[in-house]
There are 2 protein chains.
Amino acid sequence: MEKARTTLRLQDVAEQAGVSIATASRSLSGATGVSPSVAERVREVARQMGYVANLHARSLAAGTSRSVGLVVHEIGDPYFAEIASGVLRVGAREGLTVQICHSGRDPERELDQIRMLVANRVGAVVIAGSGFVDPAMQAAARADLQAYRRNGGRVAVIGRHHLGVDAVVPDNIKGGRAVAEHVLGLGHRSIAVATGSRELTTIADRLTGVAEAFAAAGIDFDRVPIIEAAFTRDGGKAAAEEILTRHRDVTAVLAMNDDMAIGILSTLRSHGVSVPDQISVSGFDDVAVAQDLSPSLTTVRLPMVEMGESALELALKEPAARPRRQRAAHQLVVRGSTAPPPA
Amino acid sequence: MEKARTTLRLQDVAEQAGVSIATASRSLSGATGVSPSVAERVREVARQMGYVANLHARSLAAGTSRSVGLVVHEIGDPYFAEIASGVLRVGAREGLTVQICHSGRDPERELDQIRMLVANRVGAVVIAGSGFVDPAMQAAARADLQAYRRNGGRVAVIGRHHLGVDAVVPDNIKGGRAVAEHVLGLGHRSIAVATGSRELTTIADRLTGVAEAFAAAGIDFDRVPIIEAAFTRDGGKAAAEEILTRHRDVTAVLAMNDDMAIGILSTLRSHGVSVPDQISVSGFDDVAVAQDLSPSLTTVRLPMVEMGESALELALKEPAARPRRQRAAHQLVVRGSTAPPPA
DNA sequence: AGAGTACCCGAAAGCGCTTACGAAAGCGCT
DNA sequence: AGCGCTTTCGTAAGCGCTTTCGGGTACTCT
């Protein structure tokens, strides 16, 4: 008794259409070298039979696979989920399947996942927020990725740029400038800045952007009160207390992240200061709650979805001699916590 | 001149280790029939050479692929992102790669994606929130999935259960019972319920659960004020107004979703009613803001991550004759908006 | 010591597809 | 009619792996 064949092969289609496997293959893959009439007939037969090609066989034979990989720390994190969304979008547009894996913030796992993707012969790998800080691990990752690239693989990272590959990085300077320009544009001139430790490049960059905006507005940034506190809600509360006691003339506070801004809002409210009527407050990051606060928080956000899109697009491009770096600009999200200063 | 081979094959490892390809394959795949010492040596050689198996070739030869597919409407949606997280977790645990695709709430696209996954010969497909409502589309999807299953493919869906396959569905009844029991357990006896239209099964189920809890506590559910309004914040506000005017003795309000609960909180506050000191409020769903409200909202949530895990586990199990249905119980999240009734 | 058994290992046949390569056929030209 | 050219299609050789099958060794038992 013949073994029941459940899935049909290209050969079945070929037989049915009365052509050779080669012709069938060419017809279906849209390759040249087959007359239009025959090709169309084969396609029609395939469609009627409900034939679906075995992509493993195809990839193996062709040596390339129409698939890409994405490594994220944790897809449940909205940050990464949006990046994934962007990657999935251009993947779908390009007819690529997307494999996603978790690294769980574990460099070891991250490297494993990258290797697994390479083993899967994906055409490109996008790495979101690489955690390779340990020099040895980083070197290992670099080596693997370079080898992968030599074999025709494409790589792009999001958020870090020390792996010697194309990268999409957030432009915190521009983001800082954006919020500052917004508040300055509203007419504020007595402004305080609430920030976390300036040792971190991210924060330092944001401040640089703010400073640029102030300079452009003709304000001496050295005279702007900069309150440094914990980069948390409590830090924001502390900063607000300080502003209320030592900088009574301030009409706007730029917080360098939303958490601080939320703490500031809360303290201002408990002190009976009305936002934005008396004092405007802005944040940075656009965390989920930002729009549900009252007043809702004016802030600045990274276009995560677009970053995911850019990353895959970047990876898919013709490889460049030197790693490219693409900056992603924050988008200003104007909400209820900012308004012109009191008259 | 020899063509430069960049990726190493199993044969390279075999030669280097001085064994045949067959032995090398067995050693690496952990199959039986090779002495431990040889197997270990081969593995060591492979590791040193940095060999990674070509999974396409492996899948093709073995006829099975260590990969699964997940179809979601939109991975950027936190709901689906958490499901994906669960799927990714058990995928990683089982050594499976996971392909994710968007359906974008478009049944046509959804079917396409399923077909693509099948073409990729994934071992299992998890469909989150299928959008097949149109009978024709649904029939097509059913047919495809059944064919896929006949070929050994596994399928599970999350949230809907009309595709004739294993499903993980939310147990809204149990969820309703959970919140109600919590509030009853706090000692409340004069309770109002705020709900949306009871025509929707989801809502009806939640109410059923609530009713069960009341019955168990010996309370006549028919005498409980049930305020039906829009299933939104505004609906919540309307409900709260009604409770304040017509049911002044109420000490707790069970809202059948968080949006209504938020509206209720807002109205109670503006009327100077303190939550939870005077009135306790509970929600349903655990939307993101729930924990950021003040008071933070006691609610009930679906364990999305676990649902994702269950779905894949269910799909991976030995197929059953009849589709299985696994109910996912909401988890009570006790926060600041509920407390014992005023003395 | 001889035969039987258990255990390793290698040769080789595919898995379903792509893609040289060559054969056949059709064309215009001399 | 015969030549060279182009176009179309089939034959067959892999892609890198798994797995069946059979041969070879080493070991045990009588």
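We name chains A, B, ... by the order of the sequence lines, and we start the count at 1 in each one.
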Output the distance between atom CD (Q99(B)) and atom CE (M116(B)), rounded to the nearest 0.5 Å. 8.5 Å

Could you state the atom-to-atom distance from CZ of R66(B) to C1' of dC17(D) in whole Å? 16 Å

Just say parallel, tilted or perpendicular for the rings of H56(B) and H56(A), cut-offs at 30° and 60°. tilted

Take the protein atom CG of L60(A) and the nucleotide atom P of dC17(D), then report the distance between them rounded to whole Å. 9 Å

Pair E318(A) + R154(A): basic N to acidic O under 4.0 Å: yes

Are L96(A) and S67(A) packed together at the side-chain level, in the sense that at least one heavy-atom pair is separated by less than 4.5 angstrom? no

What is the distance, rounded to the nearest whole Å, between atom NE2 of H56(A) and atom C1' of dT18(D)? 14 Å

Rounded off to whole Å, could you give me the CZ-to-C1' distance for the R58(A) and dG16(D) pair? 18 Å

Below 4.0 angstrom from OP1 or OP2 of dC17(D), is there any side-chain N or O of S25(B)? no

Residue matched to dC27(D) through Watson-Crick or wobble contacts both under 3.5 angstrom: dG4(C)

Whole angstrom value for the distance that separates P of dC17(C) from CG of N54(B): 16 Å

So the ring pair (Phe, Tyr, Trp, His ring centres under 6.0 Å) pairs with at least one residue in residues 109-157 of chain A (sequence neighbours excluded) are none

Show me the protein contacts with nucleotides 5-10 of chain C, counting only N or O atoms at under 3.5 Å.
unit_1, atom_1, unit_2, atom_2, d
dC9(C), OP1, S35(B), OG, 3.3
dC9(C), OP2, S35(B), N, 2.6
dC9(C), OP2, S35(B), OG, 3.3
dG10(C), OP2, S20(B), N, 2.9
dG10(C), OP2, S20(B), OG, 2.9
dG10(C), OP2, T23(B), OG1, 2.4
dG10(C), N7, R26(B), NH2, 2.9
dG10(C), O6, R26(B), NH1, 3.3
dG10(C), O6, R26(B), NH2, 2.8

Determine the contact category for A53(A): base if any of its heavy atoms lies under 4.0 Å from a base atom, sugar-phosphate if only primed atoms, P, OP1 or OP2 are that close, otherwise nothing. sugar-phosphate

For dG16(D), does OP1 or OP2 lie under 4.0 Å from any side-chain N or O of Y51(B)? no

Reference residue S103(A); test side chain to side chain donor-acceptor pair (under 3.5 Å); the match among H73(A), E108(A), Q113(A): H73(A)

Separation of dG14(D) P from L10(B) CG (nearest whole Å): 18 Å

Using atom CG of D12(B) as one end and atom P of dG16(D) as the other, report the distance to the nearest whole Å. 9 Å

Tell me the partner of dC29(C), counting only Watson-Crick (N1-N3 plus N6-O4 or O6-N4) or G-U wobble (N1-O2 and O6-N3) with both under 3.5 Å; none if nothing fits. dG2(D)

State whether R9(A) and D12(A) are salt-bridged, where the test is any N-O pair (Lys NZ or Arg NE/NH1/NH2 against Asp/Glu carboxylate O) under 4.0 Å. yes

Round to the nearest Å and state the distance from R121(A) atom CZ to dC17(D) atom C1'. 11 Å

